[in-house]
**Q** 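Before anything else, here's the structure in question.
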Amino acid sequence: MIFVILFIAACFLAYSNGANDNFKGVATLFGSGTTNYKRAIRWATVTTFAGSIAAIFLAGTLVKNFSGKGLVPDDLIQNPVFAISIALGAAFTVLLATKIGMPISTTHGLVGALFGAGVMAIGPDFNFEKLGKAFLIPLILSPLMAAILSFMAYIFFRKIRKRLGVTKKSCLCVTKTNVAAPTAQANMHLTIPSQIQLASCEKGCVETYKGKILGVTSQKVLDTLHFLSAGIVSFARGLNDTPKIVGLLIIINTIDIQWGMIAVAVAMAIGGLLNAKKVGITMSKKITPMNHGQGFTANMITGILVTTASIHGLPVSTTHVSVGSIFGIGTVTKKADVKMISKILLSWVLTLPTAAVLSALTFKLLTSIL
């Protein structure tokens with residue numbers, strides 16, 4: 001029974017992860033007006049699932065790291081109560097953030113939960129040095145790297161675009177102003193249009209590009225690259241996040257790790273399809289407005305960093321990298337919403353202690369019951 005509970009807890013964590021994280025890879029597709037929400041989430045689901053399956057072959061190091069190996073004694077790792085506490089502590093933290101629309105890191109939640117349950121179980125024998133080197137440093141540095149790289153990449157691509165003769169195509173909003181004209185009858189007025197106003201649209205207008213690249217319209221090339229980059233980010237997220245959750249299942253010797261990966265991938269996909277919209281809108285619309293080229297640049301940087309980290313076993317957060325990349329673009333355009341970024345940063349700061357407390361309390365409760 002305890003192993004069944006562990007499996008359910010891991011799937012619950014995967015569901016929460018999908019709800020908070022699945023849309024992040026395609027947020028720029030929706031935010032830039034390249035496609036609608038439904039098409040974006042479907043693309044995210046397919047590519048994230050593909051990344052989860054690829055994790056079976058490419059991300060074995062992360063499975064070991066997030067089992068707690070090296071942070072706590074091996075005998076504690078083999079305790080299913082320890083794994084259940086980590087899964088539930090992280091899952092409830094992520095689900096809470098999802099309900100209020102805050103894009104937090106499941107990775108950060110797992111690290112906090114590992115810390116909380118580990119300290120509750122063994123106190124000062126917890127390996128704080130490895131926690132800092134292997135987990136916290138990559139989590140802190142990754143969003144800074146993403147912001148700087150997206151800042152530099154967008155400036156570089158903008159110069160290339162201008163040299164190729166590809167220019168932006170804006171639009172104008174046409175509005176009518178009505179006035180009331182008096183009629184022959186008393187107290188009666190007739191409303192007629194008196195003038196037409198032209199103004200640049202800040203809402204409802206999608207900025208596109210005109211010009212051709214190798215005989216193909218630049219906008220078509222950019223849209224194709226944008227979809228591919230969004231798919232790469234979602235693939236990288238599945239590749240990076242799935243093994244972190246499966247790491248909690250390695251003590252279930254009766255379940256093959258490959259089947260564990262598939263179960264987590266399915267739960268993650270369901271969570272994204274059913275509960276991703278609030279976080280998706282925050283990522284797409286509230287950090288900074290963006291056009292197609294800016295969205296493509298942010299996705300490209302996110303995909304490169306997360307994929308590289310996954311292959312080398314570094315537990316970076318797709319959330320931190322993605323938000324950092326989008327914020328980097330907003331810094332270039334000077335349109336970033338600093339208040340929203342401040343709220344997101346606060347949620348990041350609270351993620352680790354919240355998960356740690358919930359995990360520690362869960363561990364204490366379960367050990368007293370079981």
**Q** When rounded to the nearest 0.5 angstrom, what is the spacing between NZ in Lys339 and NZ in Lys343?
**A** 8.0 Å

**Q** Is there a side-chain contact between His226 and Leu29 in this structure, where contact means two heavy atoms from C-beta onward sitting under 4.5 Å apart?
**A** yes

**Q** With the threshold set at 4.0 Å, does a side-chain nitrogen-carboxylate oxygen contact exist between Asp223 and Lys220?
**A** no

**Q** State, to 0.1 Å, how close Thr288 and Ala336 come at their nearest heavy-atom pair, and which atoms those are.
**A** OG1-N, 3.7 Å

**Q** What is the distance from atom CD1 of Ile326 to atom CD1 of Ile287, rounded to the nearest 0.5 Å?
**A** 5.0 Å

**Q** Quick one about Ser32 and Asn291 (side-chain donor to acceptor, distance below 3.5 Å, no hydrogens or angles considered), yes or no?
**A** no

**Q** Testing the basics here: between Ala10 and Ile245, what is the closest heavy-atom pair and its distance to 0.1 Å?
**A** O-CG2, 3.5 Å

**Q** Any side chain to side chain donor-acceptor pair (under 3.5 Å) involving residues 45-54? Give me the pairs, sequence neighbours left out, ordered by first then second residue.
**A** Ser52-Thr242

**Q** Have Ser325 and Thr302 got a donor and an acceptor in their side chains that come within less than 3.5 Å?
**A** yes

**Q** Whether the side chain of Lys24 engages the backbone of Asn20 through a donor-acceptor N/O pair (distance < 3.5 Å, no angle test) should be reported.
**A** yes

**Q** Quick check on the hydrophobic clustering: are Ile53 and Ile232 connected, directly or via other members, by side-chain heavy-atom contacts under 4.5 Å?
**A** no

**Q** Would you indicate whether the side-chain heavy atoms of Ile344 and Pro103 approach each other to under 4.5 Å?
**A** yes

**Q** Establish, yes or no, whether the cationic atom of Lys285 lies under 6.0 Å from the six-membered ring centre of Phe30 and within 45° of the ring axis.
**A** yes

**Q** So which heavy atom on Ile86 is nearest to which on Ala117, and how close?
**A** CG1-CB, 4.2 Å

**Q** Please determine whether residues Phe227 and Leu222 belong to a single hydrophobic cluster, defined as Ile, Leu, Val, Met, Phe, Trp and Tyr linked transitively by side-chain heavy-atom distances below 4.5 Å.
**A** no

**Q** Is the shortest heavy-atom distance from the side chain of Leu95 to the side chain of Phe12 under 4.5 Å?
**A** yes

**Q** Does Phe327 share a hydrophobic cluster with Leu345, counting links as ILVMFWY side-chain heavy atoms below 4.5 Å and allowing steps through other members?
**A** yes

**Q** Quick one: are Asn275 and Lys99 in side-chain contact, heavy atoms under 4.5 Å?
**A** yes

**Q** Please answer: with hydrophobic residues joined when any side-chain heavy atoms are less than 4.5 Å apart, are Ile122 and Met120 in the same cluster?
**A** yes

**Q** How close do Leu6 and Ala83 get, heavy atom to heavy atom, and via which atoms?
**A** CD1-CB, 3.5 Å

**Q** If we only count heavy atoms from C-beta on, is the Val279 to Asn22 side-chain gap below 4.5 Å?
**A** no

**Q** Can you name the nearest heavy-atom pair linking Ala147 to Ser150, along with the distance?
**A** O-OG, 3.1 Å

**Q** CZ of Phe151 to OG1 of Thr333: how many Å apart, nearest 0.5 Å?
**A** 10.0 Å

**Q** So, the side chain of Ser322 versus the backbone of Thr319: is there a donor-acceptor pair under 3.5 Å, distance only?
**A** no

**Q** Any side-chain heavy atom of Leu88 within less than 4.5 Å of one from Leu358?
**A** no

**Q** Do Val26 and Ser234 touch side chain to side chain, with heavy atoms closer than 4.5 Å?
**A** yes

**Q** Is Met340 atom CE crowded by more than 12 heavy atoms from other residues, nucleotides or ligands, each under 6.0 Å away?
**A** yes

**Q** Heavy atoms, side chains only, cut-off 4.5 Å: are Leu365 and Leu361 in contact?
**A** no

**Q** So, do His108 and Trp348 have ring centers that fall under 6.0 Å from each other?
**A** no

**Q** Is the shortest side-chain N to carboxylate O distance from Asp21 to Arg237 below 4.0 Å?
**A** yes

**Q** At their closest point, which heavy atom of Leu366 faces which heavy atom of Ser85, and how far apart are they?
**A** CD1-OG, 4.0 Å

**Q** Check whether Ile329 and Val332 end up in the same hydrophobic cluster, where Ile, Leu, Val, Met, Phe, Trp and Tyr are linked by side-chain heavy atoms less than 4.5 Å apart.
**A** yes

